[in-house]
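See below for the structure under consideration.
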Amino acid sequence: MERTFLAIKPDGVQRGLVGTIIQRFEQKGYTLVGLKLMRVSRELAEQHYGEHKDKPFFPGLVNFITSGPVVAMVWEGRGVIANARKLIGATNPLNAEPGTLRGDFAVDVGRNVIHGSDSPENAEREINLWFQTQELVPWEPALTSWVYEM
Ligand code: UDP
């Protein structure tokens with residue numbers, strides 16, 4: 001089973017979208033294995049978005065992600081890395097399809113409500129950056145055989 005890292009950004013928390021966003025992934029059939037509400041330090045923000053450090057939007061992005069509480073999560077399931085990205089939608093919400101989280105709940109690229117890992121390598125890196133092993137809770141949902149053909 002694959003795991004990915006998702007984070008509801010400060011705009012998503014402020015706008016009361018935490019329940020809606022979690023529900024979306026639950027209803028898809030994915031399994032929540034890690035969850036915490038936290039303030040992001042500048043150090044964590046700069047590490048997380050390290051690949052963008054030379055981009056013009058980087059300072060604003062770090063200010064934004066550290067500006068209020070974030071909900072950090074690890075989700076598990078078949079194909080969850082690529083499929084969570086599909087459920088999230090395009091980086092710029094103006095290009096995100098209706099039905100995706102960014103398509104339905106966001107307008108501006110700098111306020112796009114949720115982060116999702118974009119590759120298996122980044123999923124592993126981000127899970128290790130944001131969570132300690134003991135914070136992750138492996139469990140077998142009782143509905144597994146109704147979601148997976150096995
Ligand atoms: N971002 C921004 N302005 C831009 C491009 C990106 O503020 O012009 C922010 C936006 O919040 C985005 C994040 O930087 O989600 C990371 O960008 P990336 O290209 O990795 O997009 P993502 O993987 O989040 O879709």
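Both ligands and their constituent atoms are indexed starting at 1 by order of listing. All values below were derived from every heavy atom in this structure, side-chain atoms included, with hydrogens, water molecules and symmetry-related copies excluded.
- Not one N or O on the side chain of Trp139 forms a donor-acceptor pair closer than 3.5 Å with the backbone of Thr31.
- Residue Arg85 has at least one heavy-atom neighbour below 4.0 Å for each of these atoms of ligand 1: 22 (P), 23 (O), 25 (O).
- Considering both main-chain and side-chain atoms, Glu51 never comes within under 3.5 Å of ligand 1 through any nitrogen or oxygen pair.
- The closest non-hydrogen atom to atom 3 (N) of ligand 1, taken over Phe64, Phe58, Phe57, comes from Phe57.
- Salt-bridge check for Arg78 with Glu2: failed, with every basic side-chain N at 4.0 Å or more from each acidic carboxylate O.
- Cluster partners of Val137 are absent, since no Ile, Leu, Val, Met, Phe, Trp or Tyr has side-chain heavy atoms less than 4.5 Å from it.
- Val109 pairs in a side-chain contact (heavy atoms from CB on, under 4.5 Å) with only one of the listed residues (Leu61, Asn92, Asn95), which is Asn92.
- Scanning all protein heavy atoms for the shortest distance to atom 9 (C) of ligand 1 gives Leu61 CD1, 3.8 Å.
- Looking at Asn122, its side chain never comes within 3.5 Å of a backbone N or O of Asp118 through a donor-acceptor pair.
- Residue Asp118 has no nitrogen or oxygen atom sitting less than 3.5 Å from a nitrogen or oxygen atom of ligand 1, judged on distance alone.
- Nearest to atom 17 (O) of ligand 1 by heavy atom, out of Arg102, His52, Lys9, is His52.
- Between Phe57 and His52, the ring-plane angle classifies as tilted under the 30° and 60° cut-offs.
- Under the 6.0 Å cut-off for aromatic ring centres, Trp75 and Phe25 qualify, their centroids lying closer than that.
- Nearest non-hydrogen protein atom to atom 10 (C) of ligand 1 is Val109 O, 3.3 Å.
- Taking any N or O of His115, backbone or side chain, none lies under 3.5 Å from an N or O belonging to ligand 1.
- Every atom of ligand 1 is numbered from 1 in the order shown, and the set under 4.0 Å from a heavy atom of Gly110 is 7 (O).
- Under a 4.0 Å criterion applied to the non-hydrogen atoms of Asn112, ligand 1 contributes the atoms 10 (C), 11 (O), 12 (C), 15 (O).
- The closest side-chain heavy-atom distance from Pro10 to Ile65 is below 4.5 Å.
- Residue Thr91 has at least one heavy-atom neighbour below 4.0 Å for each of these atoms of ligand 1: 12 (C), 21 (O), 22 (P), 25 (O).
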